[in-house]
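Scope of the values below: all heavy atoms of this structure, side chains included, with no hydrogens, waters or symmetry mates.
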Amino acid sequence: MFICSIRIWKRGILWVVKTKLFSIGVVSSEELIRLGSKEAFYQLKEKYPNVCLVHLYALQGAIDNIDYDKLSDEVKLDLKQFSDSLKEK
């Protein structure tokens, strides 16, 4: 069951993110947690180049079971730096 997707839903992108996650083989909360937000985002970015930083925030928020707008500034900065590093490749 995709329990943590409830947090993604709160921001109205559940269907889009969940469908994309399924397409890369992430079909459960446990799988997303095991993979981690950065690796899941990397795989999404490879398949869907237009995914943006908000997707990464939503993935981390889902893993942490909080709304992504409640992520700490430190976490947001780390995720932004990761996302920016993918643009450099």
Should [X] and [Y] be counted in the same cluster of Ile, Leu, Val, Met, Phe, Trp and Tyr side chains packed under 4.5 Å apart?
X: Leu59; Y: Val54; result: yes
X: Leu35; Y: Tyr48; result: yes
X: Val75; Y: Leu77; result: no

Any non-hydrogen side-chain atom of [X] less than 4.5 Å from a side-chain atom of [Y]?
X: Leu56; Y: Leu44; value: no
X: His55; Y: Lys45; value: no
X: Leu79; Y: Leu71; value: yes
X: Leu86; Y: Phe41; value: yes

So how far is it from [X] [atom1] to [Y] [atom2], rounded to the nearest 0.5 Å?
X: Ile63; Y: Leu32; atom1: CD1; atom2: CG; answer: 4.0 Å
X: Tyr57; Y: Asp69; atom1: OH; atom2: CG; answer: 11.5 Å
X: Ile24; Y: Tyr42; atom1: CD1; atom2: OH; answer: 12.0 Å

* Under 3.5 Å donor-acceptor, Lys47 side chain and Ser23 backbone ->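 Flag set: sc Lys47 to bb Ser23 pair under 3.5 Å.
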Run the side chain to side chain donor-acceptor pair (under 3.5 Å) test against [X] and tell me which residues pass, sequence neighbours left out.
X: Glu39; result: Gln43
X: Lys80; result: Asp84
X: Ser37; result: Gln60

* Taking only residues two or more places apart in sequence or in another chain, which ones pass salt bridge (charged side-chain N to carboxylate O under 4.0 Å, His left out) with Lys38? ->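 Counting only residues at least two positions away or on another chain, Lys38 forms a salt bridge (charged side-chain N to carboxylate O under 4.0 Å, His left out) with Asp78.
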* Considering residues at least two apart in sequence or located in another chain, which fulfil the salt bridge (charged side-chain N to carboxylate O under 4.0 Å, His left out) criterion with Glu46? ->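 Partners of Glu46 under the salt bridge (charged side-chain N to carboxylate O under 4.0 Å, His left out) test: none.
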